[in-house]
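Worksheet for the structure shown next.
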Amino acid sequence: MLFKNLELSTALRPELASEESLLFVQDGVGLYEGKYKLPLHQNGHVYLTSHRICYVDNTEARKNSIAIDLRDVGHYDFYAGFLKSSAKITISPKPSKHLSGLVSQVDRLEFSTPRGSPSPGPGNWISPIPIRVPSKPSVTWICSICSFSNLLSPSFDINTANQNTVLQPCQTCGIKPTLAHVLKAAISATAQRPAPDFQQSSVVLNKSHDPSLTQIKEASFQCPRCTFSNHPSLLTCEMCGAPLIASNQNVEMPSIRPLSPGPVLERLEPLSSVEHEKIKLSFRAGGAQIFYERLKGAITQRKWLLTNAPPIPTPVSETDSNKSGKSTPGPESEAVGIAGLELLSNERRKNNATVINSAFSDLEALIASAKDIIALAESLSKKTQGSSAKAILNESVASLGMSATKDMLGSDALYLSELSRTLAEYLTDDRAGVLKNEGGIMTLVDLWARFNRKRNGVELVRPSDFEKAARRWVPLGLPVRLREFKNGLLVVQRHDWTDSKIVGQLLAWFQEFRIFEPVQPVPWDWRLFGRGVSAQEAANHFGWSLGVAIEELEMAEDKGVLCREETPEGIKFWENWLGGNEDKLL
Amino acid sequence: MSQSAPPADAVVFPKSHSFPPFWTIQRVPATRQTQFKHWSNTIQLYCRTLKIWRMNLSDHLSSPLFHNYKLDRWLELEEAQMILEWMASEEGSKRAEWVNESSSGKAGDLAGRTTAWIYWRRPEEWADVIMDWIDSTGQKGSVVTIHEITQGEATTSQEFHGMDPDILEKTLQILIKRGKAQIFGASGEQGVKFF
């Protein structure tokens, strides 16, 4: 139902549709269905785009990644976290389709809601817990810390329970109850079994407090320094100016747990789910607040509706009408030949001018007509194709959509890993073929220059951040790798671009010299030895930069594949007949 | 050295001699090792053919051994010294020995080292060769003068004909140690008795 399969890019990021744009990324997120954790989706990145919420698992990204279309989201709520429990965002599916399902659940629960007329809106906070464990009567205990009524785990047996029994901590505050407390609750529950309605209604009573509690939490965002309750959209405290997000994360960082105490769903596959359950995103590394704000914005904007929408009306139509008022309608059809063509191109130029004028007149209009501007820029750059700078411009407008910016990401570490993924995507993108055009290898500095140029002067990446991001490729398992040559030169390569592959290419090249006669006669036996090449020749042949060529040749020399000859013209590299192939030399 | 030595261009150099990188001391240790091995073989071959027992580097730098005129490649004195130094080491199985080793002082100091004995056979090996010759000619127990061994008409067909007196001296010392020879007589007119 709610969960959809997710296509991932080479860098294990969600593949975005053409209209889709990335809004926010957060790591350390786990998923819940209702109150139950989804065991395969407990540690991952969450990408909020204009169209979807994408969960990308950290360990099994290809297998366990899922997405929720924002279009299917009916209601969403923010829960700020309490004591040991992490901040959560609850997402309910749109109720219209699932109305019947809710009715049946409500019926079976026999709650205070009047039979037959359940309110289908998001205010329906009925928990389907009794359905989850129908075999056993539901036993609840009230947490003495936060007075949340918890469901007693079905494995808990009053008869065998002793001091060593492992007790589930409170699902809200994470504090473990005392055995006596739980026993008391269990005994009273068994005593009241003939009248479970009472017990259930007490659950409902507690539940009905929940939304209000959430509301309070949502309305205020407590400053960690001065405890002033700020509006949630503020980034710094109104009172003392302390950064709310950063300190919030600092506060929450130690509370990241490998295992949260909530019950785990037995079922592994959420995709097969037919039940109509709320989905919870648990933000164990913080960032829930911003995520919530951005989610709110995205759902308000409803970008997905625009996919097939007609273009936004622009002042062009006005000028058109003015024009048609002056001239007779349809002059194009009358004019033929060169005059007609000229008229046509004139029209087009005027049209372009109005698009540009209206777009840059104010920011709102620019945002609204971004699509037109990009199309225009593309067509203009196509007209002047040939120069590489234009190609880069072309490439840059095409890739505006998928870029990680610092503003999009809360923490530095996350920014770096997202930047790392963005870079890997950029490098392996077949359309641009950045790495391919460079002969499969390029220096990090070249890449940095090209990447920042691609960003059109906006959100430029600092060199230090860039290097750090590049160093994360291998730990993140991305298809590119950073290699450091002996002299400290940093280069970027495909991850499968190994030394032995380079050596193979070099040897194949050297073999040619023993087959084809050299242009100028040489005093040695070229059939036996071939000839020596300079680093410059190798750079030209393989499309490498000179620095890379020198390093690769010396790498091959170190491996004993090549040897060197120092001549007055410079160093030349030869196939190494000195080592190994002794027979040939005697 | 010897009047009967063949001309220098009679030496057939191995193919490595016409491989241009052979003339650059290699940077990578493993490659340099094999390069020196090739050089050692080439020098031994050259000296054996031309009966050079004692090589003065400055005399030979312009010889076809250290200068390939066809390729227009040559070795500098320091490079030639490095190779001989390597040949004199354990690694190069002691195929050379600096003539003034004791007086030149510290090892590795190449400044004064210009002359070396080239051992295409080491003194121990010469000892065996001479003993074989003594055996095959039935001269055991008889006295042979040193002049007879190196310059005598009976040895013109032998490899040790024209041997450097110092190398012969080393060889005979080895035979004495083995108890196979005894030297007597005044210097200049020494005789050797083989057992």
Side-chain angles (χ1 to χ4, degrees), chain A residues 485-487 499 502-503 506-507 509-511 513-514 518 520-535 537-538 549-586, chain B residues 9 11-49 61-62 64-84 86-87 91-93 95 120:
Chain A
F485 284 125
K486 277 181 306 192
N487 64 3
D499 285 354
I502 301 263
V503 165
L506 283 171
L507 281 183
W509 187 38
F510 275 102
Q511 219 155 35
F513 301 141
R514 282 185 279 131
Q520 299 203 328
V522 289
W524 60 85
D525 187 356
W526 56 268
R527 279 188 188 79
L528 194 64
F529 300 131
R531 69 178 176 89
V533 295
S534 64
E537 275 179 273
I550 291 173
E551 288 295 338
E552 293 293 11
L553 288 169
E554 288 191 350
M555 176 275 295
E557 189 195 2
D558 285 340
K559 287 188 184 295
V561 177
L562 302 183
C563 61
R564 65 168 56 202
E565 181 205 4
E566 278 155 23
T567 65
E569 305 108 70
I571 295 170
K572 283 190 170 177
F573 289 88
W574 291 71
E575 260 182 288
N576 187 5
W577 295 114
L578 292 172
N581 300 295
E582 290 180 35
D583 303 346
K584 210 164 178 176
L585 293 179
L586 294 175
Chain B
D9 54 3
V11 181
V12 181
F13 286 108
K15 281 173 182 169
S16 60
H17 202 253
S18 57
F19 182 45
F22 188 60
W23 298 87
T24 298
I25 302 293
Q26 293 296 313
R27 183 181 60 91
V28 179
T31 311
R32 183 160 58 202
Q33 178 89 14
T34 36
Q35 183 192 19
F36 282 180
K37 218 174 273 169
H38 282 299
W39 263 114
S40 174
N41 291 341
T42 309
I43 292 171
Q44 286 174 49
L45 175 86
Y46 180 80
C47 291
R48 176 185 304 169
T49 316
L61 271 183
S62 52
L65 174 64
F66 290 126
H67 196 141
N68 188 328
Y69 291 94
K70 197 175 151 205
L71 281 185
D72 198 22
R73 301 286 195 282
W74 60 90
L75 283 193
E76 298 294 337
L77 176 63
E78 296 79 32
E79 291 167 332
Q81 278 177 331
M82 271 175 80
I83 292 169
L84 286 190
W86 183 84
M87 284 172 72
E91 222 179 349
S93 25
R95 287 290 160 187
W120 70 86

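In this text, all values refer to a predicted model and were calculated from it rather than measured experimentally. Below, chain A is the first sequence line, B the second, and so on; all start at residue 1.
- Across all non-hydrogen atoms, the minimal contact from A:P523 to B:L71 is CG-CD2, 3.7 Å.
- The two residues B:Q26 and A:E557 have their closest heavy-atom pair at OE1-OE2, 4.2 Å.
- Considering A:E566, A:K572, A:E565 in turn, A:E565 is the only one that fulfils the side chain to side chain contact (heavy atoms under 4.5 Å, CB included) rule with B:P21.
- At a 4.5 Å heavy-atom cutoff, the contact between B:R73 and chain A is made by side-chain atoms alone.
- In terms of heavy atoms, B:T31 sits closest to A:G560 at OG1-CA, 4.2 Å.
- Inter-residue side-chain proximity for A:L528 and B:K15 is flagged as met; some heavy-atom pair is nearer than 4.5 Å.
- Ranking B:R32, B:Q33, B:K70, B:R27 against chain A, the residue ahead of the rest is B:R27, based on heavy-atom pairs under 4.5 Å.
- Note: B:F19 and A:F529 have tilted aromatic rings, judged against thresholds of 30 and 60 degrees for the angle between ring planes.
- Between B:S18 and A:W524 the shortest heavy-atom distance is O-CB, 3.5 Å.
- Pairing each heavy atom of A:R564 with each of B:T24, the nearest pair is O-CB, 3.8 Å.
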